[in-house]
Amino acid sequence: MGGSVGGGRRSLGDTSKLEKKAKEELKKGERSNTFLSFDYDDANEVNLLRGHAKNPNSDIEFIDHSVKEPINSKKAEYIKQKITDRINRCSQTVVYVSNNTHKSHWVNWEVQKSLELGKKVIAVHKGGNPPAKLPKSITDNKIKVVAWKDLSKNC
């Protein structure tokens, strides 16, 4: 019936110590879970950024959700809830900015939601000079803007 073979059981204290140590080790190798916000017109450039995240040497992992519905559509509330759920599961938000991003209602909303949920937000551009005009949510909240080659240093 019951019983253990091989010298008895470990105490509960030993188990919790082992569990704590295992969690610490897992955390060391953990990749950052990042929500990626971008204007749909920048999808081709963002695909390059996604490719960077797939590199095994990258410590960034992106979860993105491309939104094709206008923000004021009948599906907007549903889309906002789904995006909120995804942002909640992430530790940070990276916003890809280009010359047209400042026009995106969705990007502004995603940045505001990320900040509201207490997430770190950083804006990234492809290199050279950042866009002359940035989304209001980036400028109003004084969010750091970096070239994407410097992204992993800032996340």
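The analysis underlying the following values was restricted to heavy atoms, covering all of them including side chains, and did not include hydrogens, waters or symmetry mates.
The line from NZ of K82 to CD1 of I79 is 11.5 Å long, rounded to the nearest 0.5 Å. Within the model, atoms NZ of K80 and CD of E110 stand 11.0 Å from one another, a figure rounded to the nearest 0.5 Å.
Shown here are the side chain to side chain contact (heavy atoms under 4.5 Å, CB included) partners of N100, two or more places apart in sequence or in another chain: S98, K103. Every side chain to side chain donor-acceptor pair (under 3.5 Å) that K136 has, sequence neighbours left out, goes to D140. S104 pairs by the side chain to side chain contact (heavy atoms under 4.5 Å, CB included) definition with D39, W106, V107, not counting sequence neighbours. Not counting sequence neighbours, the partners of P130 by the side chain to side chain contact (heavy atoms under 4.5 Å, CB included) test are H125, V145. Remark: K113 engages T84, I87, W109, E116, L117 in a side chain to side chain contact (heavy atoms under 4.5 Å, CB included) (not counting sequence neighbours). With sequence neighbours left out, the side chain to side chain donor-acceptor pair (under 3.5 Å) criterion links D85 to Q81.
By the criterion of side-chain heavy atoms lying less than 4.5 angstrom apart, applied directly or through intervening Ile, Leu, Val, Met, Phe, Trp or Tyr residues, V111 is not grouped with V94; the two fall into different hydrophobic clusters. V46 and V97 fall into different hydrophobic clusters, where Ile, Leu, Val, Met, Phe, Trp and Tyr residues are linked whenever their side-chain heavy atoms come under 4.5 Å apart, directly or through other members.
Residues C90 and K119 come closest through the heavy atom pair O-NZ, 2.7 Å. Nearest approach of G127 to A147, heavy atoms of both residues: CA-CB, 4.0 Å.
Looking at heavy atoms from C-beta onward, H102 lies out of side-chain contact with I138 at the 4.5 angstrom threshold. Within the 4.5 Å cutoff, side-chain heavy atoms of Y96 are placed close to those of K126. I143 is not listed as a side-chain neighbour of L134, based on a closest heavy-atom distance of 4.5 Å or more. Inter-residue side-chain proximity for Q92 and I122 is flagged as unmet; no heavy-atom pair is nearer than 4.5 Å. Taking 4.5 Å as the limit, some side-chain heavy atom of P131 sits within range of a side-chain heavy atom of N99.
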